[in-house]
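If you're wondering where the values come from, they're calculated on a predicted model, not measured in any experiment. Just so you know, ligand 1 is whichever comes first in the structure, and atom 1 is the first atom listed for that ligand. Nothing fancy with the numbering, it's 1 onward along the sequence.
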Amino acid sequence: TYNVNLPLNHIHGVGGNTMSRNNVLLKVILLGDGGVGKSSLMNRYVTDRFDSQSFHTIGVEFLNRDLDVDGRLVTLQIWDTAGQERFKSLRTPFYRGADCCLLTFAVDDLQSFLNLSCWKKEFMFYSDVKEPERFPFVVLGNKVDMERREVGEDEARAWCEENGCCPYFETSAKDDTNVAAAFEAAVRVVLAAEDQIGHALLGSTIDLHGNRKASRGSCC
Ligand SMILES: Nc1nc2c(ncn2[C@@H]2O[C@H](COP(=O)(O)OP(=O)(O)OP(=O)(O)O)[C@@H](O)[C@H]2O)c(=O)[nH]1
Ligand SMILES: [Mg+2]
């Protein structure tokens, strides 16, 4: 486990996640407004700690965790980004090569939920993924331990339905609610997508949909 601002040992590159069939490195990236709990979720998952006084992230940091998913050994490389607008230029260069994007908001912060679309757009703009329609997102509604909510679970699930039916998890980094489940879901959606591509290649029936980048407009 390594924690740096400069990603010295990041294995990047074309399709850069598959080391072998049973030993996979997956890059997942946490995006969302400053203060929603991205760093706390990563730290809870990797080190099983929670800090109620955490500092805002500057740029990006990452931590690795190995896990076994249905008999496949996976190294999950979790990239935690700075959500504050002033750090935008420090985080966007690291979107490329991501296998899954975890869009995060806090259930006690309506604005962070409304901004999910902006985060998705920003990711699509800078990640340069080949098949935007198929790229896997997972949505996390964090801080469910808070009594006062501004975003209902139904509302959040509706957004996910409208945005490619991505999986939704209500998490608490503080109470360790659903944190492992959310990261494992990210691994599963990536592996499932890769299996599909594998099958398509075998059957020579790749459907490229013909849609490349939908829009290159600026984000908020
Ligand atoms: N109650 C509660 N507080 C949380 C939870 N997760 C994070 N926090 C608190 O929310 C504040 C912000 O958490 P961070 O993890 O630093 O937020 P972030 O998304 O990484 O913020 P940036 O680095 O600025 O993008 C901290 O005070 C955390 O202790 C949670 O699940 N429940
Ligand atoms: Mg942070």
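- For atom 7 (C) of ligand 1, the nearest non-hydrogen atom of the protein is Ser40 OG, 3.2 Å.
- Residue contacts with ligand 1 leave out Phe87, since none of its heavy atoms falls under 4.0 Å from the ligand.
- Inspection of the Asp80 and Ser39 side chains reveals an N or O donor paired with an N or O acceptor under 3.5 Å.
- Every ring pair (Phe, Tyr, Trp, His ring centres under 6.0 Å) that Phe183 has, sequence neighbours left out, goes to Tyr45.
- Considering both main-chain and side-chain atoms, Thr171 never comes within under 3.5 Å of ligand 1 through any nitrogen or oxygen pair.
- Considering backbone and side-chain N/O atoms, Ser39 comes within less than 3.5 Å of an N/O atom of ligand 1.
- Proximity of Asp145 to ligand 1, defined as any heavy-atom pair under 4.0 Å, is confined to the side chain (atoms from C-beta onward).
- Using a cut-off of 4.0 Å between Lys/Arg side-chain N and Asp/Glu carboxylate O, Arg44 and Asp48 are scored as salt-bridged.
- Ala173 N, 2.8 Å is the protein heavy atom nearest to atom 31 (O) of ligand 1.
- Contacts with ligand 1 closer than 4.0 Å are made by side-chain heavy atoms of Asn142 only, the backbone lying farther away.
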In residues 157-166, what donor-acceptor pairs under 3.5 Å come from side-chain atoms, sequence neighbours left out?
unit_1	atom_1	unit_2	atom_2	d
Arg157	NE	Glu153	OE2	3.0
Arg157	NH2	Glu153	OE2	2.9
Trp159	NE1	Ser117	OG	3.4
Asn163	OD1	Lys120	NZ	3.4
Asn163	ND2	Trp159	O	2.8

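- The residue among Val179, Leu140, Asp51 with a heavy atom at the shortest distance from atom 29 (O) of ligand 1 is Asp51.
- Remark: minimum distance from atom 27 (O) of ligand 1 to any protein heavy atom is reached at Ser52 O, 3.1 Å.
- On a distance-only criterion, Lys174 and ligand 1 share at least one N/O pair closer than 3.5 Å.
- Note: an N/O pair closer than 3.5 Å links Gly35 and ligand 1 by distance alone.
- The backbone of Ala82, and not its side chain, has at least one atom closer than 4.0 Å to an atom of ligand 1 (non-hydrogen atoms only; backbone = N, CA, C, O).
- Remark: Leu31 CG to Leu103 CG distance equals 6.5 Å, nearest 0.5 Å.
- For atom 17 (O) of ligand 1, the closest heavy atom belonging to the protein is Gly37 N, 3.1 Å.
- A salt bridge links Arg149 with Glu170: the distance from a Lys NZ or Arg NE/NH1/NH2 to an Asp or Glu carboxylate oxygen falls below 4.0 Å.
- The protein atom (non-hydrogen) at minimum distance from atom 26 (C) of ligand 1 is Ser54 OG, 3.4 Å.
- Nearest protein heavy-atom contact of atom 24 (O) of ligand 1 is His56 ND1, 2.4 Å.
- Geometrically, ligand 1 and Met146 share no nitrogen or oxygen pair separated by less than 3.5 Å.
- The structure places OG1 of Thr75 at 8.5 Å from CG of Leu26, a figure rounded to the nearest 0.5 Å.
- Side-chain atoms of Lys38 come within 3.5 Å of backbone N or O of Gly32 as a donor-acceptor pair.
- Within the protein, the N, O or S atoms lying under 2.8 Å from the Mg ion (ligand 2) are Ser39 OG, Thr57 OG1.
- A distance below 6.0 Å separates the ring centres of Phe135 and Phe123.
- In terms of protein heavy-atom proximity, atom 10 (O) of ligand 1 is nearest to Lys143 NZ, 3.0 Å.
- Every N/O-N/O distance between Gly32 and ligand 1 stays at or above 3.5 Å.
- By the side-chain contact (heavy atoms from CB on, under 4.5 Å) test, Ala82 is found to be paired with Thr57, Phe87, residues two or more places apart in sequence or in another chain being considered.
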